[in-house]
Q: 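First the structure, then my questions, so here it is.
Naming: A, B, ... by sequence-line order, numbering from 1 per chain.
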There are 2 protein chains.
Amino acid sequence: MAVNRRQDILNAATQSFSLFGYKATTMDQVAKLASVGKGTIYTFFANKEELFNEIITKLIADMQQKATGVIVPGEKFQDNVHHALVEMLDFRRDHQLMIKLIQEQRDIGTPIVNNVLDKVEESILTFIRDKIEIAIQRGEIKKCDPDIFAYIILVTYISLIFDWEKSREPLSKEEIAEIFQTYIFNGLSLR
Amino acid sequence: MAVNRRQDILNAATQSFSLFGYKATTMDQVAKLASVGKGTIYTFFANKEELFNEIITKLIADMQQKATGVIVPGEKFQDNVHHALVEMLDFRRDHQLMIKLIQEQRDIGTPIVNNVLDKVEESILTFIRDKIEIAIQRGEIKKCDPDIFAYIILVTYISLIFDWEKSREPLSKEEIAEIFQTYIFNGLSLR
DNA sequence: AACTGACCAAATGGCCACTTTGGTCACTCA
DNA sequence: TGAGTGACCAAAGTGGCCATTTGGTCAGTT
């Protein structure tokens with residue numbers, strides 16, 4: 001033991017954040033879980049927020065990787081974006097830490113958690129924007145403002161996946177893909 | 001005086017709700033403003049919530065009327081929907097009572113206020129859905145699910161008008177109309 | 001030199017007396 | 001005599017106080 005204390009701390013913190021959220025995780029708790037004196041944490045991380053940020057950076061990287069993993073180079077832009085978005089939103093919905101943070105944002109509104117979730121959204125937007133830019137360059141879709149288009153795509157996906165079902169029958173992934181094809185992509189495809 | 005006590009009460013309550021919100025308006029307050037004994041309110045309205053509901057029903061009717069007012073029978077479906085939506089969202093943004101209620105939902109989350117704002121959203125959705133159904137019947141746009149399409153339109157408008165500018169340059173009404181034309185309606189128009 | 005945990009100021013949470021509020025109803029008086 | 005009233009009530013909400021907890025430090029140990 002005692003070789004990778006830094007990683008031990010990260011693991012312990014991830015576990016605790018996932019289980020209790022940001023606010024309800026105490027540095028004592030993390031220290032105990034990592035079998036480390038509390039002071040040791042502060043030799044690796046300036047404060048609780050930085051420890052948290054490092055974990056989130058890793059989480060975003062994981063998410064991006066998963067999304068990249070379902071991109072098939074030859075396939076249609078629409079299908080690739082759909083798969084990547086479903087992958088990222090599934091991640092957001094199923095990942096234990098993510099779930100806790102979204103709960104915490106809703107119930108308490110911890111500012112640091114808000115920031116972090118904004119960062120996650122921003123990273124999804126960037127991902128889609130890149131795909132849009134590539135698709136435009138390749139002539140797969142009409143020229144358009146990638147920022148706005150990425151924003152519209154994300155907002156629509158989120159509302160269809162998370163908000164629609166608050167008062168209606170949930171939609172399957174296939175239905176969502178079809179809806180998207182019909183309502184949005186049609187207008188941008190070259191024919 | 002003393003001929004239209006019911007209306008006096010409604011006026012007083014509207015004034016107070018607009019000024020202080022639902023929670024911070026007391027029945028004593030309303031009674032005093034209406035120059036009426038508190039008990040009298042309860043001969044016309046079962047309770048505070050019903051008094052509130054009656055006011056909101058009126059407000060929704062006003063909003064619908066404004067929206068209907070900008071509909072020009074001969075004009076294109078897209079333009080009519082755009083004008084009606086901008087009208088309703090402007091109403092939502094500028095109407096004193098509406099402003100207070102949205103604030104209250106955000107800051108306190110009074111359940112009754114949440115319900116009422118859901119009702120407002122529902123009424124906007126119904127309005128758009130009707131226009132879509134008519135447009136389909138007339139062959140102005142492709143066949144599609146009016147519920148889903150209305151939902152997508154509303155969500156996109158709201159996010160472009162209210163959320164987009166939280167971290168970016170706000171968009172003008174003309175820009176929004178154009179964005180909508182480009183990204184969404186294009187796919188549904190017959191050609 | 002790496003690590004620890006007792007220690008500290010500041011923030012938080014629990015408790016409880018006190019106030020406010022929606023709603024009632026015995027009474028007034030036109 | 002019935003429409004109108006406002007003192008009254010239970011219940012919910014508020015505020016202030018004090019004990020506890022928490023992020024962060026640092027003198028001391030290994």
Side-chain angles (χ1 to χ4, degrees), chain A residues 1-17 19-56 100-101 103-105 107-116, chain B residues 1-17 19-56 100-101 103-105 107-116:
Chain A
M1 57 197 74
V3 61
N4 48 1
R5 303 178 102 64
R6 191 188 150 91
Q7 191 55 49
D8 290 345
I9 293 168
L10 280 171
N11 291 343
T14 303
Q15 195 184 329
S16 184
F17 286 140
L19 229 47
F20 308 112
Y22 179 79
K23 202 185 166 197
T25 287
T26 70
M27 295 303 262
D28 271 311
Q29 170 102 259
V30 173
K32 223 163 263 169
L33 257 174
S35 311
V36 142
K38 189 161 52 147
T40 307
I41 299 178
Y42 289 88
T43 64
F44 294 110
F45 305 95
N47 50 42
K48 189 180 178 183
E49 188 171 350
E50 256 195 28
L51 171 59
F52 185 50
N53 274 330
E54 182 147 338
I55 288 171
I56 294 298
K100 256 293 157 202
L101 295 180
Q103 262 181 32
E104 188 168 342
Q105 177 176 56
D107 299 341
I108 317 182
T110 322
I112 290 174
V113 171
N114 293 339
N115 289 344
V116 148
Chain B
M1 59 195 75
V3 60
N4 48 359
R5 305 176 101 64
R6 190 187 149 91
Q7 192 55 49
D8 290 345
I9 294 169
L10 280 171
N11 291 343
T14 303
Q15 194 183 331
S16 184
F17 286 141
L19 230 46
F20 309 110
Y22 178 80
K23 202 186 166 195
T25 287
T26 69
M27 296 303 263
D28 271 310
Q29 170 103 259
V30 173
K32 223 162 265 169
L33 257 174
S35 311
V36 142
K38 191 163 48 148
T40 308
I41 299 177
Y42 289 87
T43 64
F44 294 110
F45 305 95
N47 50 41
K48 188 180 178 183
E49 188 171 350
E50 255 195 29
L51 172 60
F52 185 52
N53 275 330
E54 182 147 338
I55 289 171
I56 293 298
K100 255 294 157 202
L101 295 180
Q103 261 179 34
E104 189 168 341
Q105 177 176 55
D107 300 341
I108 316 184
T110 322
I112 289 174
V113 171
N114 293 341
N115 289 344
V116 148

Q: Take nucleotides 11-16 of chain D nucleotide by nucleotide from the 5' end and write B, S or -, depending on whether a protein heavy atom sits under 4.0 Å from the base, only from the sugar-phosphate, or from neither.
A: ---S--
Q: Tell me whether the OP1 or OP2 atom of dC3(C) has a side-chain N or O from Arg6(A) closer than 4.0 Å.
A: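 Result: no.
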Q: Between Ser16(B) and Thr25(B) (side chain of the first, backbone of the second, donor and acceptor by atom type, cut-off under 3.5 Å), is there such a pair?
A: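 Pair absent, no side-chain N/O of Ser16(B) close to backbone of Thr25(B).
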Q: Without decimals, in angstroms, what is the distance between Ile108(A) CD1 and dT12(C) C1'?
A: 12 Å
Q: Can you tell me the distance, in whole Å, between the CD atom of Gln29(A) and the C1' atom of dT21(D)?
A: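 Rounded to whole Å, this separation is 13 Å.
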Q: What pairs meet the side chain to side chain donor-acceptor pair (under 3.5 Å) rule with one or both residues in residues 45-56 of chain B, with sequence neighbours excluded?
A: Arg6(B)-Glu54(B)
Q: dA2(C) phosphate, OP1 or OP2: any side-chain N/O from Arg5(A) under 4.0 angstrom?
A: no
Q: The criterion is side-chain contact (heavy atoms from CB on, under 4.5 Å); which residues satisfy it with Gln15(B), sequence neighbours excluded?
A: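 Expected list: Leu33(B).
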Q: Rounded to whole angstrom units, what separation is found between the CZ atom of Phe52(A) and the P atom of dG24(D)?
A: 14 Å
Q: Using whole Å, report how far CD1 of Ile9(A) lies from P of dA2(C).
A: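 Computing the Ile9(A):CD1 to dA2(C):P distance gives 14 Å.
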Q: Please verify the inter-ring angle class for Phe52(B) with Phe17(B); under 30° counts as parallel, over 60° as perpendicular, anything in between as tilted.
A: perpendicular
Q: Quick one: pull up OH in Tyr22(A) and CG in Leu51(A) and give me the separation to the nearest 0.5 Å.
A: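 One gets 8.5 Å once the value is rounded to the nearest 0.5 Å.
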Q: Do any pairs count as a salt bridge (charged side-chain N to carboxylate O under 4.0 Å, His left out) and have a residue in residues 20-36 of chain B, sequence neighbours left out, and if so which ones?
A: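 Listed once each, the pairs are Asp28(B)-Lys38(B).
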Q: Is Arg5(B) close to Thr43(B) at the side-chain level, that is, under 4.5 Å between some pair of heavy atoms?
A: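 Result no, sub-4.5 Å side-chain heavy-atom pair not found.
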Q: Going by heavy atoms closer than 4.0 Å, what residues in residues 33-46 of chain A are next to DNA chain C?
A: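 The answer is Val36(A), Gly37(A), Lys38(A), Gly39(A), Thr40(A).
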Q: Suppose we screen for side chain to side chain donor-acceptor pair (under 3.5 Å). Which residues come up paired with Glu104(B), at least two apart in sequence or across chains?
A: Thr110(B)
Q: Report the distance from atom CG of Asn47(B) to atom P of dT21(C), rounded to the nearest whole Å.
A: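 Taking atom P of dT21(C) as the reference, CG of Asn47(B) is at 17 Å.
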Q: Return the value, rounded to whole Å, for the distance between atom CG of Leu51(A) and atom P of dT22(D).
A: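 The answer, rounded to whole Å, is 16 Å.
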Q: Whole angstroms only, please: what is the CE-P distance between Met27(A) and dG5(C)?
A: 15 Å
Q: Output the rounded distance in Å from CG (Asp28(A)) to P (dT4(C)).
A: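 So the CG-P distance, Asp28(A) to dT4(C), works out to 13 Å.
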Q: Taking the side chain as C-beta and beyond, is there a heavy-atom pair between Phe44(A) and Leu10(A) under 4.5 Å?
A: no
